[in-house]
Amino acid sequence: MTHFFKTQIGRLRLVGFLEGISLLVLIFVAMPLKHYFNNPMLVKNLGPVHGALFLLFIFLTLSVGVEEKWKFKDTTWKVLLACIIPFGTFYIDKHILKNAEANRTGRDEE
């Protein structure tokens with residue numbers, strides 16, 4: 001778990017995981033509670049947290065994209081799009097970010 005804090009990509013992966021979980025809880029738990037059971041408390045509490053994680057994910061994605069010299073039309077837009085699609089951050093983590101972090105770690109050890 002501590003390896004997530006060592007690199008910028010690791011931090012992006014961690015924030016992506018948290019953002020993805022918060023989106024899923026909002027969609028599949030909080031919204032049904034609000035609309036079907038007239039209980040908006042979870043939306044009121046989790047909404048701002050998800051919003052902050054969403055903005056942090058976007059900021060970190062752009063920051064990592066510049067740092068790693070990602071081409072916007074090849075990589076960066078895919079990572080940005082992932083944060084608005086349910087399960088998207090998990091897919092991007094597995095198929096892009098995990099490999100990018102492994103490549104980055106390999107470069108740092110040389």
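None of these values were measured; they are calculated from a predicted model.
The aromatic rings of F87 and F28 lie tilted to each other, with the angle between the two planes from 30° to 60°.
Nearest heavy atom pair, residue G20 against residue T89, reads CA-OG1, 3.3 Å. The heavy-atom pair separating Q8 from S63 by the smallest distance is NE2-OG, 3.0 Å. Shortest non-hydrogen contact noted between R11 and K6 is NH1-C, 4.0 Å. Contact detail for R13 and L97: the closest heavy-atom pair is CG-CB, 3.6 Å.
Evaluation of the side-chain contact (heavy atoms from CB on, under 4.5 Å) rule for L56 yields V15, L60 as partners, not counting sequence neighbours. Residues forming a ring-ring contact (aromatic ring centres under 6.0 Å, His included) with H95 (at least two apart in sequence, or on another chain): Y91. Residues passing the side-chain contact (heavy atoms from CB on, under 4.5 Å) test with V29 are V25, L33, L42, sequence neighbours excluded. Not counting sequence neighbours, F57 has no partner by the ring-ring contact (aromatic ring centres under 6.0 Å, His included) test. Evaluation of the side-chain contact (heavy atoms from CB on, under 4.5 Å) rule for F59 yields no partner, not counting sequence neighbours. Take T76 and apply the side-chain hydrogen bond (donor to acceptor under 3.5 Å, both in side chains) test, not counting sequence neighbours, and it matches no residue.
For the atom pair T61 OG1 and L12 CG, the distance stands at 4.5 Å (nearest 0.5 Å).
Counting Ile, Leu, Val, Met, Phe, Trp and Tyr side chains that sit under 4.5 Å apart, directly or through other members, L80 shares a hydrophobic cluster with F54, L55, I58, L62, F72, W77, L81, I84, I85.
Pairs passing the side-chain hydrogen bond (donor to acceptor under 3.5 Å, both in side chains) check and including a residue from residues 16-42, sequence neighbours excluded, read S22-H50.
Within a 6.0 Å sphere centred on CZ of F90, other residues, nucleotides and ligands contribute more than 12 heavy atoms.
Grouping the Ile, Leu, Val, Met, Phe, Trp and Tyr side chains by contacts below 4.5 angstrom, directly or via other members, places I92 apart from V66.
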